[in-house]
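This report concerns only the one structure given below.
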Protein chains: 2
Amino acid sequence: MDEPLVCVVDDDDAVRLSIGLLIETLGLPVRSFASALDVLADDDALARAHCVVLDVRMPGLSGVGLQERLLRLEHSAPIIFVSAHGDVPMVARAMREGAFDFLQKPFNEQVLLDRVQEAVQLAAQRRRDGAWLADIHGRLDSLTARERDVMDGMVAGRLNKQIAEDLGISMKTVEQHRARVMEKLQVDSLAELVRIVVRSGCDGG
Amino acid sequence: MDEPLVCVVDDDDAVRLSIGLLIETLGLPVRSFASALDVLADDDALARAHCVVLDVRMPGLSGVGLQERLLRLEHSAPIIFVSAHGDVPMVARAMREGAFDFLQKPFNEQVLLDRVQEAVQLAAQRRRDGAWLADIHGRLDSLTARERDVMDGMVAGRLNKQIAEDLGISMKTVEQHRARVMEKLQVDSLAELVRIVVRSGCDGG
DNA sequence: TCATCCATAAGGGAAAACCCTTATATCAGC
DNA sequence: GCTGATATAAGGGTTTTCCCTTATGGATGA
């Protein structure tokens with residue numbers, strides 16, 4: 001897993017610096033940006049970001065605009081907004097869109113530190129989940145179409161005989177595919193197979 | 001499933017009435033309350049509530065206070081706050097605690113209607129999920145301790161022989177329990193069993 | 001053209017699951 | 001003491017899975 005990184009985005013140099021120094025007291029690596037577009041241009045930061053501390057009102061791309069962009073990139077980093085000019089609709093919108101928190105300046109330093117730490121933990125969990133999911137999807141993608149058909153039957157609780165009838169092939173062929181499915185998915189019981197398929201969300205429910 | 005109900009809570013008679021009438025144009029049953037405590041006292045409303053439209057500032061128990069109480073009751077109804085006096089920390093807090101939305105007065109009527117409808121749909125989905133979960137939990141609770149032990153082994157992908165060794169009993173006894181588990185859980189394949197156990201969140205992951 | 005992957009299929013045997021019945025011992029409640 | 005639920009165990013037979021090998025035809029690709 002990549003080393004965690006907290007991104008601080010604020011066009012005010014003094015604020016950016018002080019927030020950065022504050023968060024560094026947690027022992028977390030921090031990278032500061034004077035504009036939202038600078039963040040999007042930094043691939044390394046995007047890849048490592050475990051939390052984004054974000055001013056709402058900035059020239060160029062706003063904080064809300066950056067949130068939208070990150071959502072479109074399916075970026076999983078929790079976003080903590082920090083703003084002196086927040087209004088009710090803005091906060092509600094940001095939170096609906098999944099912002100981790102919205103703090104009003106001037107904020108209590110300890111509150112920000114607490115929220116950043118929670119956010120980083122959440123990000124780490126999301127990354128673990130995402131990595132697991134990517135792993136499983138990789139295995140599922142390695143199945144041929146026919147193996148996938150057979151797997152669907154297995155997960156649906158069908159007997160080999162029934163799967164053979166469903167697909168119009170012989171039971172022996174089903175056995176063959178079934179063995180390949182177990183091998184490629186790296187499981188050694190039907191229970192494990194069903195478990196990972198259900199958890200990966202690839203069972204249509 | 002109970003008939004849906006939208007609860008409107010506002011100490012201002014005129015506001016309460018107008019919001020109520022507005023929401024009734026959706027064809028949804030509405031019940032209005034002048035105070036948060038009145039809601040908590042109305043068991044029928046609590047049981048049916050699919051959405052709570054809630055003023056923040058009220059004498060007695062505040063809107064935020066009612067949200068807390070409902071959370072403690074594990075009530076699943078989405079809450080839409082409506083307030084003329086919202087500030088940033090209040091909105092952030094309400095949304096963090098799971099509020100469905102936070103609208104500022106005066107609000108656009110269509111926005112409220114849209115959000116109420118979304119909330120009611122969400123509530124219906126939560127109720128379906130909850131009912132399913134309660135059903136499954138009921139079945140799981142009907143298992144004896146030993147049957148539960150055997151089921152855990154089954155879901156973990158253990159063979160009957162291995163389960164027998166784990167529990168220090170004979171394979172024949174495991175077979176007996178296994179059959180009872182399938183019967184009580186009303187499934188007819190291991191795949192189905194694993195599926196419902198995983199989905200019910202009773203597998204420790 | 002040759003190698004590789006894929007889907008198909010079969011034989012054969014070991015292991016496991018599934019389904020039925022019967023039976024004993026314990027324990028709780030009426 | 002009887003009843004019912006529970007945990008235990010076994011016999012016996014059918015079905016299914018699991019694992020091995022072998023084999024053919026088609027498609028892909030270097």
Side-chain angles (χ1 to χ4, degrees), chain A residues 134-200 202-204, chain B residues 134-200 202-204:
Chain A
D135 179 25
I136 298 303
H137 270 98
R139 296 186 206 173
L140 289 172
D141 286 344
S142 77
L143 297 178
T144 67
R146 216 48 167 164
E147 284 161 358
R148 186 59 196 255
D149 290 338
V150 171
M151 190 199 78
D152 290 340
M154 294 166 69
V155 174
R158 314 275 293 159
L159 300 178
N160 286 355
K161 186 198 290 188
Q162 296 171 319
I163 298 172
E165 284 168 12
D166 295 344
L167 301 178
I169 58 181
S170 87
M171 232 183 79
K172 277 297 182 181
T173 304
V174 174
E175 281 184 46
Q176 200 70 260
H177 291 314
R178 184 176 184 127
R180 280 224 168 284
V181 167
M182 302 292 281
E183 185 191 337
K184 286 186 175 176
L185 263 9
Q186 298 167 40
V187 295
D188 42 43
S189 69
L190 178 61
E192 265 186 90
L193 172 69
V194 174
R195 184 194 300 274
I196 68 172
V197 171
V198 170
R199 284 216 219 249
S200 77
C202 292
D203 62 330
Chain B
D135 179 27
I136 298 303
H137 270 97
R139 296 187 207 173
L140 288 171
D141 286 345
S142 77
L143 297 177
T144 67
R146 216 44 167 169
E147 285 161 358
R148 185 60 194 255
D149 291 339
V150 171
M151 191 199 77
D152 290 340
M154 292 166 69
V155 174
R158 313 276 294 161
L159 301 177
N160 285 354
K161 186 197 289 187
Q162 296 171 318
I163 298 172
E165 284 168 10
D166 295 344
L167 300 178
I169 58 182
S170 88
M171 232 182 79
K172 277 297 182 181
T173 305
V174 174
E175 280 184 46
Q176 200 71 257
H177 290 314
R178 184 175 183 128
R180 279 223 169 283
V181 167
M182 302 291 281
E183 184 190 337
K184 286 186 176 178
L185 263 25
Q186 298 166 40
V187 295
D188 42 43
S189 70
L190 179 60
E192 265 185 271
L193 172 68
V194 174
R195 184 195 299 276
I196 68 172
V197 171
V198 169
R199 284 215 218 248
S200 77
C202 291
D203 63 330

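Just so you know, these numbers come straight off a predicted model, no measurement behind them. Computed over heavy atoms, backbone and side chain alike; hydrogens, waters and symmetry mates excluded. Every chain is numbered from 1, with letters handed out A, B, ... down the list of sequences.
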List the steps, then state whether side-chain contact (heavy atoms from CB on, under 4.5 Å) holds for A/Arg146 with A/Ile169. CA-CA 11 Å; A/Arg146 216 48 167 164; A/Ile169 58 181; 3.5 Å; yes

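Contact annotation: B/Arg146 side-chain N/O to D/dT8 OP1/OP2 distance is under 4.0 Å. Considering only side-chain N and O atoms, A/Thr144 lies under 4.0 angstrom from the phosphate OP1 or OP2 of C/dA7. For D/dC18, one of the phosphate oxygens OP1 or OP2 lies less than 4.0 angstrom from a side-chain nitrogen or oxygen of A/Arg178. At the phosphate of D/dA9, OP1 or OP2 sits under 4.0 Å from a side-chain N or O atom of B/Thr173. Under 4.0 angstrom from either OP1 or OP2 of C/dA16 there lies no side-chain N or O belonging to B/Asn160. Not one side-chain nitrogen or oxygen of B/His177 sits closer than 4.0 Å to the OP1 or OP2 atom of D/dT6. Close to C/dA16, at under 4.0 Å from its OP1 or OP2, lies a side-chain N or O of B/Lys161.
Using a 4.0 Å heavy-atom distance criterion, A/Ala145 is classed as a sugar-phosphate-only contact. Across all strands shown, A/Ala179 has no heavy atoms under 4.0 Å from either base or sugar-phosphate atoms.
In this structure, B/Met182 places its CE atom 8 Å from P of C/dC19, rounding to the nearest Å. Residue A/Lys184 contributes atom NZ, which lies 7 Å from atom P of C/dA7 at whole-angstrom precision. D/dC19 atom C1' lies 12 Å from atom CD of A/Glu183, rounded to whole Å. The nearest whole Å value for the distance from the NZ atom in A/Lys172 to the C1' atom in D/dT21 is 10 Å. To the nearest angstrom, P of C/dA17 lies 11 Å from CZ of B/Arg158. Going from atom CG of B/Leu159 over to atom P of D/dT16 covers 19 Å, rounded to whole Å. Distance, A/Met154 CE to D/dT16 P: 16 Å, rounded to whole Å. Spacing between atom CD of B/Gln176 and atom P of C/dC20 amounts to 11 Å, rounded to whole angstrom units.
Residue B/Glu175 places a side-chain atom within donor-acceptor reach of the base of C/dC19, judged by atom type and a 3.5 Å distance cut-off alone.
Here CE of A/Met151 is found 5.5 Å from CG of A/Leu140. Values are rounded to the nearest 0.5 Å.
No more than 12 heavy-atom neighbours from other residues, nucleotides or ligands sit within 6.0 angstrom of CZ on B/Arg180.
Inter-residue side-chain proximity for B/Arg139 and B/Val181 is flagged as unmet; no heavy-atom pair is nearer than 4.5 Å.
No donor-acceptor distance shorter than 3.5 angstrom exists from the side chain of A/Arg195 to the backbone of B/Gly157, with no hydrogens or angles considered.
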